[in-house]
Amino acid sequence: MNVSEAVASRRTVRAFLDKPVDQAVLRRVLEKAQNSPSGGNTQPWNATVITGAPLAKLLADVAAILPEGPARHRPEYNIYPPELDGAYAERRKGVGEAMYAALEIPRDNKMGRLAWFARNFQAFGAPVLMLIHTPRYMGRPQWSDIGMWLQTVCLLLREEGLDSCPQEAWAIYQEQIRAVVDIPDDHIFFCGLGVGWRDPAAPVNNFPVPRAPLDEAIRWEGF
């Protein structure tokens, strides 16, 4: 698989097969991803990779408090800007509605949508969950470095035939994550990354996710 094929075939996968992932494959991916660029070679990404008993405990702990709703949410940052509007807000809403349409969960089925939302915190059935964090003093440039590293990881996973689901949603339960995983107090939790084998038959893995036209995002000068 070349880079273009990995980019084209990568998507956020929300249904995984019940199939384990070999640690040696993950180590190979993460060793290659260490070549990701970062300002001043700071390499600000840190992660703990869990499966088996630690993953089961985290999922169980979150499931136990999930019915309490937002009262138990403790995000350390805004997952989306409060002022998100225009095309950015429309794209977010659009992909959500497309997903629920693929799942055949209409807008008036509130319980169905809540039940699906809860699947976030089962990592959508992924057998491996990466938990990403960084020192609190890191700024926006370093967070962008972490994003480049995550994209590199996602593409290298595709090269191995694996898929992933980046999940900033996990940030609302960072307290529960810290109770299971040793994240230093002076680090901020960023996101989860579910890793596993895509279920090719699942409708939620097959609905179209449109991208903005190039000229909507890019300007050309001097060409």
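Because only heavy atoms are used, hydrogens play no part in the values below, and waters and symmetry mates are left out as well, while side chains stay in.
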What is the distance from atom [atom1] of [X] to atom [atom2] of [Y], rounded to the nearest 0.5 Å?
{"X": "R198", "Y": "K19", "atom1": "CZ", "atom2": "NZ", "result": "13.5 Å"}
{"X": "Y173", "Y": "D61", "atom1": "OH", "atom2": "CG", "result": "12.0 Å"}
{"X": "E175", "Y": "H73", "atom1": "CD", "atom2": "NE2", "result": "11.5 Å"}

task: Please assess R113 against E97 for the test salt bridge (charged side-chain N to carboxylate O under 4.0 Å, His left out), listing each intermediate value before the final yes or no.
output: CA-CA 11 Å; R113 291 196 170 194; E97 289 303 319; 3.1 Å; yes
Where [X] and [Y] come nearest, the two heavy atoms and their spacing:
{"X": "L84", "Y": "R92", "value": "CD2-CD, 4.1 Å"}
{"X": "I132", "Y": "G192", "value": "CD1-C, 4.3 Å"}
{"X": "L66", "Y": "A118", "value": "CD2-CB, 3.3 Å"}
{"X": "C154", "Y": "R10", "value": "CB-CD, 3.9 Å"}
{"X": "F190", "Y": "L150", "value": "CE2-CD1, 3.8 Å"}
{"X": "L55", "Y": "V128", "value": "CD2-N, 4.3 Å"}

Given the options F16, F117, W116, F124 meets ring pair (Phe, Tyr, Trp, His ring centres under 6.0 Å) only with W116
Angle between ring planes, Y77 versus W143, binned at 30° and 60°: parallel, tilted or perpendicular? perpendicular
- Query: Would you call the rings of H187 and H133 parallel, tilted or perpendicular if under 30° counts as parallel and over 60° as perpendicular?
  - Reply: tilted
Same hydrophobic cluster for [X] and [Y], using side-chain heavy-atom links shorter than 4.5 Å among ILVMFWY?
{"X": "L155", "Y": "M148", "answer": "no"}
{"X": "V49", "Y": "W197", "answer": "yes"}
{"X": "I146", "Y": "L129", "answer": "yes"}
{"X": "V29", "Y": "M130", "answer": "yes"}
{"X": "V95", "Y": "I105", "answer": "yes"}

Keeping [X] on the side-chain end and [Y] on the backbone end, is there a donor-acceptor pair under 3.5 Å?
{"X": "T51", "Y": "P127", "result": "yes"}
{"X": "N206", "Y": "P200", "result": "yes"}
{"X": "E76", "Y": "A171", "result": "no"}
{"X": "R178", "Y": "D182", "result": "no"}
{"X": "R14", "Y": "A123", "result": "no"}
{"X": "N205", "Y": "A15", "result": "yes"}
{"X": "T134", "Y": "P44", "result": "yes"}
{"X": "R219", "Y": "E216", "result": "no"}
{"X": "R136", "Y": "D185", "result": "yes"}
{"X": "W45", "Y": "G147", "result": "no"}

| said: Quick check: do T12 and P166 have side-chain heavy atoms less than 4.5 Å from each other? | reply: yes
With a sphere of 6.0 Å drawn around OH of Y88, does it hold more than 12 non-hydrogen atoms of other residues, nucleotides or ligands? no
Problem - Atom CG of D18: over 12 foreign heavy atoms under 6.0 Å - result: no
